[in-house]
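Start at 1 and go down the list; that is how both ligands and their atoms are numbered. The first residue of the sequence shown is numbered 1, and numbering continues consecutively from there.
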Amino acid sequence: MNIPEIITRKKTMPDRSVILIAGEADQAVEALKDDRERAYVKKRFEGKADHVMLDRLDHRQWIVPVPEQGSREEKMEKLRQAAYKIAGEVIKADDQEVQVTDKDTSPEFALAFLEGLLLSFYRFDKYFTGNRDKPEDPLPEKIIVVFPGIADEELEALRVVVRAVGYARDLVNEPVSWLNALRLSEAFAEMGREAGFSVEVFHKQKIEAMRMGGLLAVNRGSVDPPTFTVMEWNPPDAVNKKPVVLVGKGVVFDTGGLSLKPTKDSMDQMKSDMAGAAAVGAAMYALAVNKVPCHVVALVPATDNRPDGNAYTPGDVVKMYDGSTVEVLNTDAEGRMILADALAYAKQYDPELVLEFSTLTGAAAVAIGKYGIVGMGTAAEEEFVALGQSGERVNERLVRFPFWDEYKELLRSDIADMKNIGGREAGAITAGKFLEHFTSYPYIHLDIAGPAFVTGNNSYKGKGGTGVGVRLVYDFLKNKCKK
Ligand code: BES
Ligand code: ZN
Ligand code: ZN
């Protein structure tokens, strides 16, 4: 990850590049001294521009008005998107430093803009060498933040969340040639050391001793051992009596196994099949560094899914960690096999709520695309409402799918307790219903197959891994555990 350094100051320096977030756009325009500039900016804003850049050769000034139309959440998102465009202009202008300041705005808008700007400067450049034909334009080295109305702690908390999103994006962008299950668990251990949460990694022997049959079945085609990572943040001032448990799908690469995926538009992006794991690990990082008073546990079962002489096969019957048997009819429905063991393992915590993130089904991505998360489950209405509100705030929006018991009929097996696939109908829901079987607590399943990894680059959320889920969990738990 490569992101600029952030420095806070009390005052902006004149004649240096500066971005002004303006609550009162008209006043900001009137304050411009040059008549021609003022007329130009007026005209651009009348033409509905979301920002204007004034190029003064050796430095620049950007004016970004807080949008007049829309809900609070929509305004925040428009500011993040404007920040993305400005970030591109800053890079293009080759500004080494840029100041960001606000006038007549409320803190949430200034912070949303800054969040969008910082996220836009993320780059995964680990594999660039000096041998690249056209080197990337350099990022600015410093962002100088002059927000008189915002406390330093709040800026620091935002910086931590942005760093957490960067960690998640790095993990998703890492190919399996580096990021196997073991390295994923080591990355969590490292994040735990830095942030101060505890991390325990179960290795193959222990996973065998625990009889996590789902995880072991998927791992049988792999030459790399599986891992099962348990993370815990339990600060002395935790507000909740029972922990919230997060579960993340850690399939470091999904070939489909013997039910092999085709390469084009299907297997080629499957290094991202651990995006759920990345999201919960990175959320733990942000919660712990920012000392959110919430008792949280995160569980990550991890392996790759490959075809091999010993790979699990269609027709196999697998005995799961909870003792249930599953008839495997498609080895590409591997996420639910490993998640089932983690969800059953979560029972011992008697959780208040379990949130599980997974790139689980193409069906979820087909249904709503990259624009939102498909959610469903058994938790109380209030939990869905609160999570939905967080989703609107951070623009990781939730679409709730039905979770009727009739869908279970589609999972009936002739020879085992359940099949691991439903059929053509309601693929995202039958996957959720399969997982529900292994739960005994309020549960929300979040399918992030659509938004976890994107190919076009036209948003602060990035190209490649997006880190979806990190800001959602952080916002949700920060609010849930308010003192
Ligand atoms: N990892 C995939 C789901 C996926 C697809 C994620 C596209 C991101 C983008 C998952 O393991 C899978 O292969 N699911 C199958 C399930 C089917 C066999 C029932 C699917 O969706 O096709
Ligand atoms: Zn699969
Ligand atoms: Zn998968």
Side-chain angles (χ1 to χ4, degrees), residues 172-173 176 179 181 184 214-215 217-222 226 247-279 300-307 311-316 318 326-342 356-374 401 407 410-411 413 418-435 445-456 464-469:
V172 174
N173 289 329
V176 66
L179 194 78
L184 180 64
L215 179 54
V218 176
N219 183 251
R220 270 175 45 182
S222 177
V247 178
K249 172 176 172 182
V251 173
V252 288
F253 195 82
D254 184 9
T255 68
L258 288 174
S259 312
L260 197 66
K261 287 178 183 295
T263 302
K264 192 177 171 324
D265 295 333
S266 186
M267 199 197 293
D268 49 4
Q269 293 177 15
M270 280 303 130
K271 68 175 184 180
S272 66
D273 214 16
M274 33 55 70
V300 172
T303 177
D304 53 342
N305 180 28
R306 297 206 202 221
Y312 82 136
T313 73
D316 270 355
V318 174
V326 171
E327 183 187 11
V328 176
L329 288 174
N330 191 320
T331 62
D332 199 9
E334 85 298 340
R336 61 197 79 179
M337 300 295 290
I338 72 170
L339 288 166
D341 286 352
E356 166 259 312
F357 285 85
S358 50
T359 45
L360 201 63
T361 66
V366 168
I368 67 165
K370 66 181 174 187
Y371 304 100
I373 300 173
V374 168
F401 274 22
Y407 291 108
L410 301 170
L411 293 166
S413 160
M418 265 197 300
K419 300 191 289 189
N420 79 331
I421 53 169
R424 277 176 51 80
E425 291 176 339
I429 302 172
T430 50
K433 290 307 270 187
F434 177 91
L435 293 175
H445 160 57
L446 297 154
D447 195 327
I448 55 171
F453 191 89
V454 297
T455 44
T466 59
V468 67

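Minimum heavy-atom separation, Ser358 to His445: OG-CE1, 3.4 Å. Shortest non-hydrogen contact noted between Ser413 and Met418 is CB-C, 3.6 Å. Between Val318 and Gly214, the closest heavy-atom pair is CG1-N, 4.1 Å. Summarising the geometry of Lys249 relative to Gly335, their closest heavy-atom pair is CE-CA, 3.6 Å, with the distance given to 0.1 Å. A pairwise comparison of heavy atoms in Met267 and Phe253 identifies O-CZ, 3.4 Å as the closest pair.
For the pair Ile421/Thr430, no side-chain contact is recorded, criterion being any heavy-atom separation below 4.5 Å from C-beta on. Residues Asp447 and Phe401 are not in side-chain contact: their nearest non-hydrogen atoms beyond the backbone lie 4.5 Å or more apart. Residues Thr455 and Gln269 have side chains in contact (heavy-atom distance under 4.5 Å, counting atoms from C-beta outward). Counting heavy atoms from C-beta outward, Val176 and Lys271 have side chains that stay 4.5 Å or more apart. The side-chain heavy atoms of Thr361 and Arg336, taken from C-beta on, include a pair separated by under 4.5 Å.
Annotation for ligand 1: atoms under 4.0 Å from non-hydrogen atoms of Ile421 are 19 (C). The contact set between ligand 1 and Asn330, taken as ligand atoms under 4.0 Å from a residue heavy atom, comprises 18 (C). The contact set between ligand 1 and Met270, taken as ligand atoms under 4.0 Å from a residue heavy atom, comprises 1 (N), 4 (C), 5 (C), 6 (C), 7 (C), 8 (C), 9 (C). Less than 4.0 angstrom separates some heavy atom of Lys261 from each of these atoms of ligand 1: 2 (C), 12 (C), 13 (O). When each atom of ligand 1 is checked for a heavy atom of Glu334 under 4.0 Å away, the hits are 11 (O). In summary, the atoms of ligand 1 found under 4.0 Å from a heavy atom of Lys249, numbered by their order in the structure, are 1 (N), 10 (C), 11 (O).
Closest to atom 2 (C) of ligand 1, if we only count protein heavy atoms, is Asp254 OD2, 3.6 Å. Looking from atom 14 (N) of ligand 1 to the surrounding protein, the closest heavy atom is Leu360 O, 3.4 Å. Here the heavy atom of the protein found nearest to atom 22 (O) of ligand 1 is Gly362 N, 4.5 Å. The protein non-hydrogen atom at the shortest distance from atom 16 (C) of ligand 1 is Arg336 NH2, 3.7 Å.
Contacts with ligand 1 closer than 4.0 Å are made by no heavy atom of Met267, backbone or side chain. Using a 4.0 Å cut-off between heavy atoms, Val251 makes no contact with ligand 1 at all.
No salt bridge links Arg306 with Glu334; every basic N to acidic carboxylate O contact stays at or beyond 4.0 Å.
Polar contact with ligand 1: present for Asp332 (N/O pair, distance under 3.5 Å).
Partner Pro314 forms a side chain to side chain contact (heavy atoms under 4.5 Å, CB included) with one of Val328, Asn420, Thr331 and no other, that one being Thr331.
At a distance under 4.0 Å, a protein heavy atom can be found next to atom 11 (O) of ligand 1.
Listed by chain and residue number, the protein N/O/S atoms under 2.8 Å of the Zn ion (ligand 3) are Lys249 NZ, Asp254 OD2, Asp273 OD2, Glu334 OE2, with waters left out.
For Asp341, the salt bridge (Lys or Arg N to Asp or Glu O under 4.0 Å) test picks out no residue, with sequence neighbours left out.
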